[in-house]
Each structure stands twice: as C-alpha cells, then as structure tokens.
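Letters A, B, ... are given to chains in the order of the sequence lines, protein chains preceding strands, and every chain is numbered from 1.
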There are 2 protein chains.
Amino acid sequence: MTTTTSTSPATAHADIRVAVSTVIFSLRREPGRERPSVVIPLVRRTRAPHEGQWALPGGWLGADEDLEMAASRTLRETTGLAPSFLEQLYAFGAVDRSPTRAVSIVYWALVREDVSARPAPENVAWFDATSLPALAFDHNQIVEYALWRLRNKVGYSRIAHGLLPELFTLADLREVYEAILDRRLDPANFRRQVDTSGTLIPTDGFRTGSHRPARLYRYDHDVELAERGPLPE
Amino acid sequence: MTTTTSTSPATAHADIRVAVSTVIFSLRREPGRERPSVVIPLVRRTRAPHEGQWALPGGWLGADEDLEMAASRTLRETTGLAPSFLEQLYAFGAVDRSPTRAVSIVYWALVREDVSARPAPENVAWFDATSLPALAFDHNQIVEYALWRLRNKVGYSRIAHGLLPELFTLADLREVYEAILDRRLDPANFRRQVDTSGTLIPTDGFRTGSHRPARLYRYDHDVELAERGPLPE
DNA sequence: CCAAAAGTGTTAAACGTACACCCATGA
DNA sequence: TCATGGGTGTACGTTTAACACTTTTGG
C-alpha cells in the first residue's frame, strides 16, 4: 500500500501494534432534566497501563479483519451493543500516547436509546459525554473530538435517526437535535426544515397520551445512499 | 491506547504493518488550457507488488515517529517537496488491499504552485488528478476521496492559500477556486465574499502587465488558529 | 480609441429566524 | 374550560446570485 523509495532513516516497519476503539454515543433521559443528555459507555481497565481507569471500548486489530469489522466486533464484545451508525473518526499515533507503541484507529458510533437502555455488562458504565472523569491514555481528547464531529455532522446530515427508534414524532427528533446542539430550536421552523429536506415519511400513526396527538414519522431509507461522498473501503 | 477486555477471538495483535502515504495536490497551468488543473505527484514502484505501476508517495511508519512526522518525511524523501498544508485523510485497512497485511494512514497535502514546478526526481511524475492511469493497490479510490475532501473543504475553509504564493491577486485566488470546483465564479460576488470573511489583507502592491493593474493581497495568518475544531495530536 | 480585466452598485430570489396564532387533546 | 404541545401563517433581515455599470490599464 505504499512505495518504499530511497533510504528510510527511521527503522523500517518496526513492530507497531494496531488497535481499534470506538466512541459510542446514545441518549439518556434523566427524570429530572428537561432535555436528554448525550452519554457514552466506557470500560474499566483491568490491567496495566492505566489499570482501574475508564477507557473507550476497543481491542487489537485481528490479522483477518477489516477496520470496520474490528470496530463492530470490539464494540459488541465489550459493551454488547449493535450500532445504528458507524464511521471512522481519526487515526491516533503519537509516539508517547501509550507506554508501548500503538496506533489506534478510532471509530464513532450511534446506538438507539432503547438499545442502550439495556443493563450494561460488568465493568461497563455510561457517562455524560460532557462531564467525563479523567480517562486512560488520550481518550478524553478523543471523545472531545468525536463530540465536535457529532455536533458538526448533525447540522448537515441525517444522522439523528441513529439515535431514534423506527417511529418517532417531530418533537422526538427535535429533542435529539437539541440534546446534541445543547440549545432550543423553534418547533415551527424545525418542522419546515425537515419536511423541506424530504427525508421524512409521515405514517398514519399518532402518539397520544398528552395534549394533542403528534403524528409519527419514519425515515426514507432510499435517501441514505447519496448522503455522503465517495466513502472508502 | 485501547482496552483489552474479555477474550478476543481474532488473533491478538497480529503482525500488521503500518504505512503512511500522502495525496499531494498542486496546480499546473498548461499553456493551452484556460484554467489551471489540479495535479498530483506519483511515484513509480520499483519492486513487487505492483512493480512498475504508479503509486502514492509514502513509506513505513518509524518506531519513533508520529503519524504526521512520517507523512512529512516520506513526502520529502519521495518527492522533495515541503507542503503548505497537511491533514489526515483516512485510515485504510481492508484485508485484501495488499498481498501482505498493511494498514495505511493516508494524509493529504497542498504544495504551492512555484514549489511543485521544480524538476521532479527520477521515478516521480505529475498527473492530472481527474484523469489518472490505473494505480497500485487501492490508490485510485484514495485519490478520489481526497479530491472530494479538497472540493468540500474549499467551500468552508481558507485552504486555497496552500496553493498560492505569499502575494496574489483576487483573480489568482478565484482561479484556484475555479480549478478545484471546476466551474466559473462571478468575480464581483467572489470579491465581496472574500473581503467579508476578513481573512485577506490588501497590500500596496499591484500586479501590472495587462489591462488595469490588480491589487496584491496576502493572507491574515492570525485567523489561522480558530479555523478548525479540536484538532487531535 | 478599443478591448479587457479590475472593481462598484443594484436588484430579486432564497433562506433563516422570530413570533403570532389556531387546533386538538387530557385533565 | 384551561393548559399544553401540535401544527400553520406571516413578516422581516440576511445571504446568494445575476448582471449592469464604471474605472484603468496596454496596445
């Protein structure tokens, strides 16, 4: 995958291990809070380095695994979750980021609220993404970057559904945006924006229970494809 | 940099080599063409696999090198160039992308027109980015993705300077945009857009030679910092 | 004086945003 | 009937895009 021309002063392909980790976002509705909060699952490390500290779920890249496969696998193994969205975030490879040299290919993912609500395995806990403790390695920076990407991407793509069930109301959708962007959105303008985009399909269902019933929508999965540029792999 | 919890079914940290390659963009003015074209340097492979085919400049990651350092180094070694812009593009790691397992961290870079005009080393040649021959490995896809990113980024950031010398006219700048986006832009509106952004500093110089002289500008380097989000490393 | 690029002005459509208002339900 | 969220209408400021027009040079 590369061209080795001229003489490399650095040691030729030294022993560098490749890891894959994932920043997993979901939403959690606290009884007290008015707005859902963005939460991520972390794993407590059971060995050195950084034993006892919380870290992103991940693992070593297998010899016969693609990167995305490895992300899905480690995500499932460590948290038991299946993501509704998965995308590469960045490759981290600073020499001093770990006592033993390792390059981490980091992915980020979304899991639906109902899925993330299931009881977490031992050693896994959910944290508010905006107020984390000190994590192992450079994982605090990584989460920070992933959050930035999430907020950014919510502005120009339809990833918000990755956090919603099949059917949802416009208020549900708006709540997701409000939770991610951390600010109020005008319900009237929000409605127009989404139905101008033409990605929402109204169903015959309504959600009842409080005040006027709200129409249930689902996403038009046909639009999914044209969404992003020439995505690799 | 990762958490090894539970048992990994895949072979634990197998021997996977890490390479760093770079897609380098510059502009070339052909005498005949009205608009500059986007060009990239490629290196002819001197060994298997894909011997004799053109490939992206790159090399193996050294044991004591950060990723960006490796990108700069291989870029310099293989092409003799120093970039004015360098950013990570994507990590490619499909199992079948190379006969021997390798993960490539790919960067993309810009070099100024005057720099890229210097004679290229043996085994290095410049190609029009939009009409490449069949390259080694998955490098055609990688260039395609890099081009998409370049076009995208030119729309919301000021990377265009990476292709221009210290002093330039608004027509120069507009030509860069036109070359990348491959369409004409209205000179009047373009002028207003850039000086609304406040990133351009007018100098006292003018470029003369044909018709009315055009004012020379330079970039405000103080604006550089706030540009992007929480950039890692 | 003429051609052509540099640079300014004007207008209309598109878009974002604020907010007044009506509708339908549970309590 | 009232409170509240669902849903519609409207008005206004900003941005985008098209294009007419004036300025300044070389030839």
field: side chain to side chain contact (heavy atoms under 4.5 Å, CB included) evaluation trace for A/L27 with A/V38
entry: CA-CA 5 Å; A/L27 292 185; A/V38 179; 4.0 Å; yes

message: So, using side chain to side chain contact (heavy atoms under 4.5 Å, CB included) as the criterion, who are the partners of B/I201 when residues are at least two apart?
response: B/R218, B/D220

message: Rounded to whole Å, please give me the gap between CZ in B/R191 and P in D/dA20.
response: 19 Å

Any protein N or O atoms within reach of nucleotides 25-27 of chain C? Criterion: under 3.5 Å, listing atom names and distances.
none

Of all pairs that satisfy ring-ring contact (aromatic ring centres under 6.0 Å, His included), the ones with a partner from residues 169-203 of chain A, not counting sequence neighbours: A/Y177-A/F190

field: Where at least one partner belongs to residues 115-136 of chain A, residue pairs that pass salt bridge (charged side-chain N to carboxylate O under 4.0 Å, His left out), sequence neighbours excluded
entry: none

query: Under the salt bridge (charged side-chain N to carboxylate O under 4.0 Å, His left out) test, which residues partner A/R29, sequence neighbours left out?
result: A/E113, A/E175

query: Would you say the base of C/dG9 and the side-chain of B/R192 have a donor-acceptor pair closer than 3.5 Å?
result: yes

- prompt: To 10°, what angle do the rotation axes through the five end pairs on each side of the helix from C/dC1-D/dG27 to C/dA27-D/dT1 form?
  reply: 0°

message: According to ring-ring contact (aromatic ring centres under 6.0 Å, His included), does anything in residues 20-44 of chain B pair up with another residue at least two apart or in another chain? List the pairs.
response: none

message: Holding to side chain to side chain contact (heavy atoms under 4.5 Å, CB included), I want the full list of residues that pass it with A/F206, two or more places apart in sequence or in another chain.
response: A/P213, A/R215

Whole-Å distance separating the CG atom of B/D195 from the C1' atom of C/dG7: 11 Å

query: Could you give all pairs that pass the salt bridge (charged side-chain N to carboxylate O under 4.0 Å, His left out) test and reach residues 190-203 of chain B, with sequence neighbours left out?
result: none

task: Let me know the distance between CZ of A/F190 and C1' of C/dA18, rounded to the nearest Å.
output: 17 Å

field: Note, A/Y145 side chain near A/D138 side chain (heavy atom, < 4.5 Å)
entry: no

field: B/R149: partners by salt bridge (charged side-chain N to carboxylate O under 4.0 Å, His left out), with sequence neighbours left out
entry: B/E87

field: Strand-adjacent residues in residues 168-186 of chain A, judged by heavy atoms under 4.0 Å from DNA chain D
entry: A/A171, A/R174

Rounded distance in Å - CG (A/N189) to C1' (D/dG9): 11 Å

Separation of D/dG6 P from A/L216 CG (nearest whole Å): 12 Å

For atom CZ of B/R207 and atom C1' of D/dT24, their distance in whole Å: 17 Å

task: Find the distance B/R215:CZ to C/dT8:C1' and express it as a whole number of Å.
output: 14 Å

- line: Considering only heavy side-chain atoms of A/A188, the closest of D/dG9, C/dG7, D/dC19 is D/dG9

task: For residues 161-173 of chain B, pull every pair meeting salt bridge (charged side-chain N to carboxylate O under 4.0 Å, His left out), keeping only residues two or more places apart or in separate chains.
output: B/D172-B/R207

